[in-house]
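Note that ligands are numbered from 1 as they come in the structure, with each ligand's atoms numbered from 1 the same way. Remember, it's a predicted structure, so these values are computed and weren't measured experimentally.
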Amino acid sequence: MPDKPAGMRFKVRNENKNALGGLATRKQITIYFTQAVDAPSMEVLLYLPNHVSGPVPAFAGLNFSGNQSVHPDKGIFMSDRWINNNQKGIQRNRATEASRGSQASRWPVETLLKNGFALVTAYYGDLEPDHADGWQTGIRTSLQQELNLAPDQWGAIGAWAWGMSRIMDYLETEKRINSKQVALTGLSRIGKAAVWAGANDARFALVVSNESGEGGAALARRNYGETIAQLNRSFPHWFSPAYKNYNQAPDKLPVDQHQLLALIAPRPLYVCSAAEDQWADPQGEFLSAVHAGPVYQLYGKTGLGTAQMPAIEKPVGETIGYHIRTGKHDINLYDWQQHLAFAQKHFRKKAKP
Ligand code: GCU
């Protein structure tokens, strides 16, 4: 994981203290990765709760379809980047007005704000467009010199994870944010990137893996649901080339995903699955959370505190949390409510002397 480029800078493009009917302050910030006029950049959207004074905790995570997709709020700048046509309101790989709020069910902005949390997000395609040739126009190419890594030394998942750390760099400068209480979250492929970012960057106080599946929380050596071979075939750009050596031999992997999760210790970690999402291997995600536990114990912490798969919608765990809910591959209000409660519990504990 390369460090931040020396010339990185932030520009607040817009601030509205009366957003969402007065509930929030909305800030939109461009992170320019170099000093150049035409520097590669990412657009950050931040909502801060107005009813709380002082620094607030935050949830941070990348989105799939541009910042305008997370809420119908007309003040959100529309992404002008390449976006997959399979996303709602996207035509000829560009966002249209119909994409406003198209992902709102995945981002319960008001719920977070009312609970005193800020929300910060950016479009993952700002780092690298998610297709096999995306690296050519993404930061793996445009920042190759600054970051000192050849494009084939890392993958798109790495580039997205790197972007999460750059959001953290910004949050450290934002007075209204308690940067010691930033929870990093991600769904699916962005969840794979979130656990990788969380493992590399200890500034994230808490990490949430939402149905991150193969290459994320799920144990690869179980070889259940999506396999390494399928992952690398469908998405050859996600991981570094060496991963392909294990396509036919997952049992030869010297490591597995529970060890990735364990790198997040002793920070709180929440893993969740959906019953109908067998592709992501709920059992493998659960076992990974179980087997990260011994490293938490080295720090005197209890991880999950159980090796028994819980019933549907019965969250378990201590410093590692886990739930499995009904339904399909997605993130919904039920998931967020558990993540929020978990973050509140751990951040409150931290606040005590
Ligand atoms: C595909 C892919 C998964 C990934 C998912 C997603 O299903 O096979 O590995 O997690 O897309 O990102 O939604």
Side-chain angles (χ1 to χ4, degrees), residues 61-66 69-70 82-88 90 99 102-107 121-132 134-135 138 154-161 163-164 184-199 207-241 243-244 246-247 250 253 256-258 260-261 270-289 324-325 327-332 335-336:
L62 300 181
N63 64 71
F64 280 93
S65 321
S69 68
V70 309
W82 183 98
I83 304 178
N84 198 317
N85 284 332
N86 68 11
Q87 300 291 299
K88 219 172 133 203
I90 306 302
S99 69
S102 62
Q103 299 269 317
S105 68
R106 291 179 165 177
W107 299 96
T121 186
Y123 170 52
Y124 79 142
D126 285 5
L127 286 318
E128 175 166 331
D130 188 6
H131 59 85
W135 62 273
W154 53 329
I157 299 276
W160 301 328
M164 295 175 187
L184 179 63
T185 181
L187 163 66
S188 213
R189 65 197 71 185
I190 295 176
K192 304 181 209 299
V195 288
W196 180 234
V207 180
V208 177
S209 152
N210 198 95
E211 300 158 23
S212 59
E214 189 75 8
L219 291 175
R221 290 183 295 204
R222 267 169 53 80
N223 216 24
Y224 178 92
E226 185 172 28
T227 62
I228 297 176
Q230 285 164 325
L231 187 65
N232 282 329
R233 200 176 310 124
S234 308
F235 309 100
H237 54 297
W238 282 3
F239 290 91
S240 67
Y243 198 33
K244 299 188 175 69
Y246 299 94
N247 279 353
L253 272 174
D256 211 334
Q257 302 307 104
H258 62 300
L260 172 61
L261 298 187
Y270 199 97
V271 176
C272 61
S273 313
E276 288 174 45
D277 186 19
Q278 292 301 313
W279 185 242
D281 187 11
Q283 182 74 19
E285 294 182 317
F286 174 73
L287 286 174
S288 208
I324 176 163
R325 61 158 171 80
K328 292 194 171 53
H329 185 67
D330 200 0
I331 181 165
N332 64 19
D335 297 314
W336 275 102

Where the side chain of Asn84 meets the backbone of Asn86, is there a donor-acceptor pair that is under 3.5 Å apart?
-> yes
Protein heavy-atom partner closest to atom 12 (O) of ligand 1 - residue, atom, separation in Å | Arg189 NE, 2.5 Å
With under 30° as parallel and over 60° as perpendicular, where do the rings of Phe239 and Tyr243 fit, or are they tilted in between?
-> tilted
Check: Thr227 side chain, Gln230 main-chain N or O, donor-acceptor pair, under 3.5 Å | yes
What protein heavy atom is closest to atom 2 (C) of ligand 1, reported as residue, atom name and distance in Å?
-> Phe235 CE1, 3.4 Å
Enumerated ligand 1 atoms positioned under 4.0 Å from heavy atoms of Leu231 | 9 (O)
Between Trp279 and ligand 1, does any nitrogen or oxygen pair lie at a separation below 3.5 Å?
-> yes
Say whether, by atom type as modelled, one donor and one acceptor occur between the side chain of Trp160 and the main chain of Ala194 under 3.5 angstrom.
-> no
Does Arg189 count as lying over the ring of Tyr124, i.e. NZ or CZ under 6.0 Å from the six-ring centre, within 45 degrees of the axis?
-> no
Proximal atoms of ligand 1 relative to His329 (non-hydrogen, under 4.0 Å) | 6 (C), 13 (O)
Are any of the N or O atoms of Lys192 closer than 3.5 Å to those of ligand 1?
-> yes
Does the pair Leu260 and Lys192 meet the rule for a side-chain contact (heavy atoms from CB on, under 4.5 Å), with working shown?
-> CA-CA 10 Å; Leu260 172 61; Lys192 304 181 209 299; over 6 Å; no
Distance from atom 13 (O) of ligand 1 to nearest protein heavy atom, with residue and atom = Ser188 OG, 2.6 Å
For Trp238, the ligand 1 atoms with a heavy-atom partner under 4.0 Å come out as 4 (C), 9 (O)
Only one of Arg325, Arg106, Lys328 passes salt bridge (charged side-chain N to carboxylate O under 4.0 Å, His left out) with Glu211, and that residue is Arg325
Do Glu226 and ligand 1 have an N or O pair less than 3.5 Å apart?
-> yes
